[in-house]
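The chains referred to below are lettered A, B, ... by the order of the sequence lines, with proteins before strands, and numbering in each begins at 1. All figures in this text were calculated on a predicted structure; none of them were measured in a lab.
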2 protein chains.
Amino acid sequence: MTITEVSKKYDLSADTLRYYERIGLIPPVKRAKSGVRDYDEGSCAWIELAKCMRSAGIPIEALIEYCALAQQGDETISARKELLTEERKKLHKKMDEMQKTLERLNYKIDIYEKAEVTGILSWDKEKDV
Amino acid sequence: MTITEVSKKYDLSADTLRYYERIGLIPPVKRAKSGVRDYDEGSCAWIELAKCMRSAGIPIEALIEYCALAQQGDETISARKELLTEERKKLHKKMDEMQKTLERLNYKIDIYEKAEVTGILSWDKEKDV
DNA sequence: TTATCACTTGGAGTACACTCCAAGTCAAGC
DNA sequence: GCTTGACTTGGAGTGTACTCCAAGTGATAA
């Protein structure tokens, strides 16, 4: 697959795909004799993984490290597990914070909805705004 | 309360507090005759709200707009509700993506755990890495 | 009264993650 | 052979959100 095809398939710009490869977020992509990138299944799997991880905000740096470890073979299995476990912990924490914010938003939207009818904003417990 | 006290209370740097006020993410804070900030309950409530929203990644711009609307009085209730509803929608979407990534991480960590015992990495469905 | 110290402002600098650009190369169609 | 267009590289530019700094001011302690 060409970079344009992969770009469409995963909805990532060609620039982003080249950037990801350049910084080592995915392993080097095979090239045709002309030097043009020719993505195989393996490259696509890496891109899909990178996209998934990035969409959840996993930092680029952690993914670069993971990619480097993966290219070093089976002696890095434990290190890779540790790395992912660490990121999972951070992700959990972020999701907890988002959940709290979501509940806060629900509460506020509810108050605003009531106010649209009654004209009265009645913030409950805290001195909210 | 002084900026230092508020900074400690909410674990935000004094620079961040001044920055938030400067860009209008919170309304202007009252000053002593000397010009030094003196945070009251209302200001603290705004800071707590800003911190909560920012911790979930709600963009600064949306919060600035919300703050501006809140200062204009009750005619902006509907606009504020719309704004928060929009951000809630985005937050939901982000959380869904994180949930997917979380499951992916769980799967991968599980495979790595098994590999630590068996020495064999067996990626299932997809050509995963 | 003089030094200290927390505070003030406006503006510059930093980190992260892209995103864009210029200059050049290569394969294919006219 | 020449043009077109997608690709290549290295490097510069952008947006978001802080974070730091220099120069100055005012209140308190010695």
- Item | chain B contact limits on DNA chain C, taken 5' to 3' with a cut-off of 4.0 angstrom to heavy atoms | C:dA6 to C:dG11
Could you tell me the separation between the [atom1] atom of [X] and the [atom2] atom of [N], rounded to a whole number of Å?
{"X": "B:Glu61", "N": "D:dA17", "atom1": "CD", "atom2": "P", "answer": "8 Å"}
{"X": "A:Asp15", "N": "D:dC7", "atom1": "CG", "atom2": "P", "answer": "12 Å"}
{"X": "A:Glu21", "N": "D:dC7", "atom1": "CD", "atom2": "P", "answer": "14 Å"}
{"X": "B:Tyr20", "N": "D:dT16", "atom1": "OH", "atom2": "C1'", "answer": "12 Å"}
{"X": "A:Tyr19", "N": "D:dT14", "atom1": "OH", "atom2": "P", "answer": "17 Å"}
{"X": "B:Ile64", "N": "D:dC18", "atom1": "CD1", "atom2": "P", "answer": "10 Å"}
{"X": "A:Arg18", "N": "D:dC7", "atom1": "CZ", "atom2": "C1'", "answer": "7 Å"}

- Query: Is a salt bridge present between B:Arg104 and A:Glu48, judged by a nitrogen-to-oxygen distance below 4.0 Å?
  - Reply: yes
- Task: In plain terms, say whether A:Lys114 and A:Asp110 are close enough for a salt bridge, that is, a side-chain N and a carboxylate O under 4.0 Å apart.
- Result: yes
- Message: Could you go through B:Tyr112 and B:Trp123, starting from their C-alpha distance and side-chain angles, then the distance that decides it, and tell me whether this counts as ring-ring contact (aromatic ring centres under 6.0 Å, His included)?
- Response: CA-CA 10 Å; B:Tyr112 279 124; B:Trp123 302 117; 5.3 Å; yes
- Message: Quick check on D:dC7: is either OP1 or OP2 less than 4.0 Å from any side-chain nitrogen or oxygen of A:Arg37?
- Response: no
- Note on the structure: Of A:Ile58 and B:Gly35, the one whose nearest nucleotide on DNA chain C sits closer to the 5' end is B:Gly35
- Query: Quick one: on DNA chain C, does B:Glu5 or A:Arg22 contact a more 5' nucleotide (nearest heavy atom)?
  - Reply: B:Glu5
- Task: List the atom of A:Glu87, the atom of B:Leu105, and the distance in Å for their closest heavy-atom pair.
- Result: C-CD1, 4.5 Å
Pairs of donor and acceptor atoms involving the side chains of residues 52-62 of chain B, under 3.5 Å and at least two apart or interchain, shall be tabulated with distances.
from: B:Arg54; atom 1: NH1; to: B:Ile58; atom 2: O; distance (Å): 2.6
from: B:Ser55; atom 1: OG; to: B:Cys52; atom 2: O; distance (Å): 2.8

- Message: Assuming nearest nucleotide by heavy-atom distance, tell me which of B:Lys33 and B:Pro59 is located more 5' along DNA chain D.
- Response: B:Pro59
- Task: For A:Arg54, answer base if it contacts any base atom (sugar-phosphate contacts may also be present), sugar-phosphate if it contacts only those atoms, and nothing otherwise; contact means non-hydrogen atoms under 4.0 Å.
- Result: sugar-phosphate
- Item | Nearest to side-chain heavy atoms of A:Arg31, which nucleotide of D:dG26, D:dC18, D:dT8 | D:dT8
- Task: Please tell me if the side chains of A:Leu25 and A:Tyr66 come closer than 4.5 Å, counting only heavy atoms from C-beta onward.
- Result: no
- Just how far is it from atom CG of A:Leu102 to atom CZ of B:Arg88, taken to the nearest 0.5 Å? 7.5 Å
